[in-house]
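Input: a single structure, listed below in structure tokens.
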2 protein chains.
Amino acid sequence: MPPYDPSAFPPFAVTVDLVVLTVRRHALCALAVRRGEPPFQGRWALPGGFVRADEDLAEAAARELVEETGLHAYPPEGSPPPAYGAHLEQLATYGDPKRDPRMRVVSVAHLVLAPDLPAPRAGGDAHSARWAPVESLLDQEGSAHTREGDLTAPLAFDHARILADGVERARSKIEYSSLATAFCPQEFTVGELRRVYEAVWGVALDPRNFHRKVTGTPGFLVPTGGTTTRQGGRPAQLFRAGGATLLNPPMLRPEV
Amino acid sequence: MPPYDPSAFPPFAVTVDLVVLTVRRHALCALAVRRGEPPFQGRWALPGGFVRADEDLAEAAARELVEETGLHAYPPEGSPPPAYGAHLEQLATYGDPKRDPRMRVVSVAHLVLAPDLPAPRAGGDAHSARWAPVESLLDQEGSAHTREGDLTAPLAFDHARILADGVERARSKIEYSSLATAFCPQEFTVGELRRVYEAVWGVALDPRNFHRKVTGTPGFLVPTGGTTTRQGGRPAQLFRAGGATLLNPPMLRPEV
DNA sequence: TCAAAAGTGTTGGGGATACACCCATGA
DNA sequence: TCATGGGTGTATCCCCAACACTTTTGA
């Protein structure tokens, strides 16, 4: 690595952007905020912001997450999730020279998986924030839009691409890890966990085989002893996420 | 995202670092360059350099790769590899405020998988460059070192961590993709491909079952019609990498 | 003739799918 | 009593591990 020569290598702005996913009403949803100023004023975007001089990338992402949602993140290999904890991991970095028309910005995107939350609170400069089904945020290619800021307008910057990458990461990662439990409250039933898989993958799973599979995988689920009938029908056992992070053998995602 | 205020958010230097892996003499090896100046002068490090004002992150990584090795990278979803092509993909981004003692540097690490190469040529400011088995570069915790620049000294900066992440990515990715062929020359035998898996995973695989598995996976291997006896024994069919990128079902990595 | 590597056949078992069937509650 | 979701049992199939065995070369 040669010495740093600012004239040859101009400085970059570094930001973090967040793909915050949750499952609401049987659909995979992402958090979107409305931009309050140009460029893309009035359009929807992923939450994010500049990294500060003294903080690590993960710290910056966790700070933005609290500012935008009130959620506290726990580290990937950390202790069990707190009451309103969320999984946070680095996703990828986007640095196309033209991705921001104002200046050279490199954005380190992070992926957050959160349980179903109360309505998000708009933080910082965002005019508003909301959960939107990921398909409604992604299937916007070339459609006619009535006005800027319409929920059917494409996301600002390259955020559609970032969101698509985050969704793909989540879809593949719940196959071979216990991360799907990050979408559930602290205590949940096997059926609720199954509906998470169904929403994220967009498929129907056999309830009987799913039940056998997840309860038979050591360390995946820990029974709490309680039961609930909040889904109707026969009372269901309540579970917490177990210590296992890797699923072996993995959950099999049906061919589409 | 608030407006950019340089006083609140000082600029960052952005670099790319490369984890270049190959298989030589039945061992997984990484490319290391000797640092020519402080900090960590004389110590081994991963190749890398600053991102220029007008280039994308992947472009910067490909440029550094050519400068350091003469290798040309092909994109993940691109056309078949050229003669000395190598697989290149983004790995992760490292931005600890203290990772470089001189200033705030955010490094976007990339992973390169290359076939066995002629001896690397030292480029740029590196005093020298060499292939080293990854264990010899990683198993350096707390050992006594005779002198700086010794091959047994730990890697500079946080490069040991970056290398470990790259190795782990390669180990897991050859399970479910055809990426192991990136370690092979354009034409190769099933036995040579098997020795790649064995070197990367550090295990022994059953030659008979491996043969059936890879030749039975549609799109993985395409016979070229030729044969070779360069490994001794009965002549073996030569293959090229097929179009398939994802392996379904995956190669199973034996339990350790 | 022998060593070495390539390749084929066969067998047994684990786990997945598909689906019949029973269980325990609220309305 | 019925609808609803929870949970168990079972047959079939596919794939993988293990390993005996044959093939084709160089030395």
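Letters A, B, ... mirror the listed sequences (proteins, then strands); counts begin at 1. Note that the structure is predicted; figures quoted are calculated from it, not measured.
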Query raised in the report: Between B:T93 and A:T93, is there a donor-acceptor pair closer than 3.5 Å when you use the side chain of the first and the backbone of the second?
Result: no
Requested in this report: Only one of B:T22, B:V19, B:L88 passes side chain to side chain contact (heavy atoms under 4.5 Å, CB included) with B:V112; say which it is.
Outcome: B:L88
Query raised in the report: Is any side-chain heavy atom of B:Y94 less than 4.5 Å from a side-chain heavy atom of B:R161?
Result: yes
Report task. Compare all side-chain heavy atoms of A:R195 with those of A:Q231 and state whether any distance is below 4.5 angstrom. Result -> yes
Query - Separation of atom CD in B:Q237 from atom P in D:dT25, rounded to whole Å - result: 13 Å
Query raised in the report: Which comes earlier along DNA chain D counting from the 5' end, the contact point of B:L252 or that of B:G232, where each point is its nearest nucleotide?
Result: B:L252
Requested in this report: For D:dG7, take OP1 and OP2 only and decide whether either is under 4.0 Å from a side-chain N or O of A:H211.
Outcome: yes
Query raised in the report: Any sub-3.5 Å donor-acceptor pair from B:K173's side-chain atoms to B:E168's backbone N or O?
Result: no
Report task. Could you check how far CG of B:N248 sits from P of D:dC15, rounded to whole Å? Result -> 11 Å
Query raised in the report: If only atom types and distance count, is the side chain of B:T217 paired as donor or acceptor with the main-chain N or O of B:F220 below 3.5 Å?
Result: no
Requested in this report: Kindly calculate the angle separating the two end axes of the helix from C:dT1-D:dA27 to C:dA27-D:dT1, each obtained from five base pairs, and round it to 10 degrees.
Outcome: 0°
Query raised in the report: Has A:K213 got a side-chain N or O lying under 4.0 Å from the OP1 or OP2 atom of C:dG15?
Result: no
Query - Between P of C:dA6 and CD of B:Q231, the distance in whole Å - result: 7 Å
Requested in this report: Answer yes or no: side-chain N or O of B:R234 and base N or O of C:dA6 forming a donor-acceptor pair under 3.5 Å.
Outcome: yes
Report task. Using a 4.5 Å cut-off on heavy atoms from C-beta on, say whether the side chain of A:W44 contacts that of A:R130. Result -> yes
Report task. Give the rounded distance in Å between these two atoms: CE of B:M251 and P of D:dC15. Result -> 15 Å
Query raised in the report: Heavy atom of residues 189-200 of chain B under 4.0 Å from DNA chain D: which residues?
Result: none
Report task. Can you tell me the distance, in whole Å, between the CZ atom of A:R208 and the C1' atom of C:dG15? Result -> 17 Å
Requested in this report: Using atom CG of B:D206 as one end and atom P of D:dC21 as the other, report the distance to the nearest whole Å.
Outcome: 16 Å
Query raised in the report: Rounded to the Å, how far apart are B:L205 CG and D:dA18 P?
Result: 11 Å
Requested in this report: Determine the contact category for B:P207: base if any of its heavy atoms lies under 4.0 Å from a base atom, sugar-phosphate if only primed atoms, P, OP1 or OP2 are that close, otherwise nothing.
Outcome: nothing
Query raised in the report: Taking B:D206 for the side chain and B:N209 for the main chain, is one N or O donor matched with an acceptor at less than 3.5 Å?
Result: yes
Requested in this report: Mark yes or no for a side-chain to base donor-acceptor pair under 3.5 Å between A:R212 and C:dG15, with no hydrogen or angle criteria applied.
Outcome: no
Query raised in the report: Would you find a donor on one side and an acceptor on the other, under 3.5 Å apart, between the side chain of A:T229 and the backbone of A:G232?
Result: no
**Report entry** Side chain A:E175, main chain A:R253, donor-acceptor under 3.5 Å
**Finding:** no
Requested in this report: Determine yes or no for a side-chain-to-main-chain donor-acceptor pair under 3.5 angstrom, with B:W201 supplying the side chain and B:R171 the backbone.
Outcome: yes
Query raised in the report: Going by number, which of residues 219-227 of chain B have a non-hydrogen atom under 4.0 Å from DNA chain C?
Result: none
**Report entry** Atom-pair distance (CG on B:N209; P on D:dA20), nearest Å
**Finding:** 13 Å
Requested in this report: Report yes or no: does A:Q90 contribute a side-chain atom to a donor-acceptor pair with the main-chain N or O of A:V108 at less than 3.5 Å?
Outcome: no
